[in-house]
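Hydrogens, waters and symmetry mates play no part in the numbers below; they use all other heavy atoms, side chains included. Residue numbers count from 1 along this sequence.
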Amino acid sequence: MTDSSRRPLAVFDLDNTLADTAHRQRFLERRPRDWDAFFAAAPQDPPLAEGVALAVDSARECEIRYLTGRPERCRRDTLEWLAAHGLPEGPLYMRRDDDRRPARFTKLAVLRRLARTHEVRMLVDDDELVCADAERAGFTVVRARWAAPSPELKDAQERQGRT
């Protein structure tokens, strides 16, 4: 049961929703994939103006939450990146370092947990499978289609449980 006196939540993904990962895709195109280099390059991600503007605008009416498939070991870099790019403050939900479940499972579990105590006004994400599962579960979804799609990132999100 949600508490109607609380502000609703707007939940934002990071990679290719707020942060442009194009410059680090090359680390996923190699075999074997270089995950350490991929995540080490994340602090240099340029912000995606459309996503940042939506987060800032949403913060007027909603509490902001960040929900990413990035591993926990990236927490410090991620928090610094959010602050450096003027994004609203809000809790950051990350996957455990050893969690390799697809993003659609890990993110939906967090959304359901948040919905127990808050109205989740929207999820903003670029991953089509995450979006479809969230919609089927009754959540309002905004599809982040402002970054160039990456087959490597999609595979990492869904088959490898990496981001």
State the [atom1]-[atom2] distance between [X] and [Y], to the nearest 0.5 angstrom.
| X | Y | atom1 | atom2 | value |
| --- | --- | --- | --- | --- |
| Leu92 | Ile64 | CG | CD1 | 13.0 Å |
| Asp20 | Trp146 | CG | CH2 | 12.5 Å |
| His118 | Arg6 | NE2 | CZ | 4.0 Å |
| Asp36 | Phe27 | CG | CZ | 10.5 Å |
| Glu80 | Asp77 | CD | CG | 6.0 Å |

Step by step, work out the side-chain contact (heavy atoms from CB on, under 4.5 Å) result for Leu14 and Leu82. CA-CA 9 Å; Leu14 293 173; Leu82 290 166; 3.7 Å; yes
Can you find a heavy atom in the side chain of [X] that is under 4.5 Å from one in the side chain of [Y]?
| X | Y | answer |
| --- | --- | --- |
| Leu18 | Pro47 | no |
| Tyr66 | Leu87 | yes |
| Leu108 | Phe139 | yes |
| Lys107 | Asp13 | yes |
| Trp35 | Leu28 | yes |
| Leu123 | Val130 | yes |

Take Val11 and Tyr93, measure what side-chain contact (heavy atoms from CB on, under 4.5 Å) needs, and give me the verdict at the end. CA-CA 10 Å; Val11 181; Tyr93 300 90; over 6 Å; no
Output, in order, the C-alpha distance, side-chain angles, deciding distance and verdict of side chain to side chain donor-acceptor pair (under 3.5 Å) for Asn16 and Thr21. CA-CA 6 Å; Asn16 284 347; Thr21 65; 3.0 Å; yes
Which atoms form the tightest heavy-atom contact between [X] and [Y], and what is the distance?
| X | Y | value |
| --- | --- | --- |
| Ala19 | Arg70 | CB-NH2, 4.0 Å |
| Gly51 | Phe12 | O-CE2, 4.0 Å |
| Ala41 | His23 | O-CE1, 3.2 Å |
| Ala144 | Thr17 | CB-OG1, 3.6 Å |
| Gly86 | Val56 | O-CG2, 4.1 Å |
| Arg143 | Ala132 | NH2-N, 3.9 Å |

Does [X] reach the main-chain N or O of [Y] with its side chain, forming a donor-acceptor pair under 3.5 Å?
| X | Y | value |
| --- | --- | --- |
| Trp81 | Asp45 | yes |
| Arg76 | Arg73 | no |
| Arg95 | Gly69 | yes |
| Arg65 | Pro91 | no |
| Arg24 | Phe38 | yes |

If you apply the rule salt bridge (Lys or Arg N to Asp or Glu O under 4.0 Å), what do you find for Arg75 with Glu72, and how did you get there? CA-CA 5 Å; Arg75 179 171 291 277; Glu72 185 64 42; 2.4 Å; yes
Between Arg104 and Asp127, is there a side-chain N and carboxylate O pair less than 4.0 Å apart? no
Ion pair present between Arg145 and Glu128, side-chain N to carboxylate O less than 4.0 angstrom? yes
Please lay out, stage by stage, how Ser58 and Arg121 fare under the test side-chain contact (heavy atoms from CB on, under 4.5 Å). CA-CA 10 Å; Ser58 297; Arg121 177 145 313 154; over 6 Å; no
Give the C-alpha distance, both sets of side-chain angles, the deciding distance and a yes or no for side-chain contact (heavy atoms from CB on, under 4.5 Å) between Leu54 and Glu50. CA-CA 6 Å; Leu54 184 57; Glu50 295 90 338; over 6 Å; no
Any link between [X] and [Y] through a network of hydrophobic side chains (Ile, Leu, Val, Met, Phe, Trp, Tyr) touching at under 4.5 Å?
| X | Y | answer |
| --- | --- | --- |
| Val120 | Val110 | yes |
| Val124 | Leu48 | yes |
| Met94 | Leu67 | no |

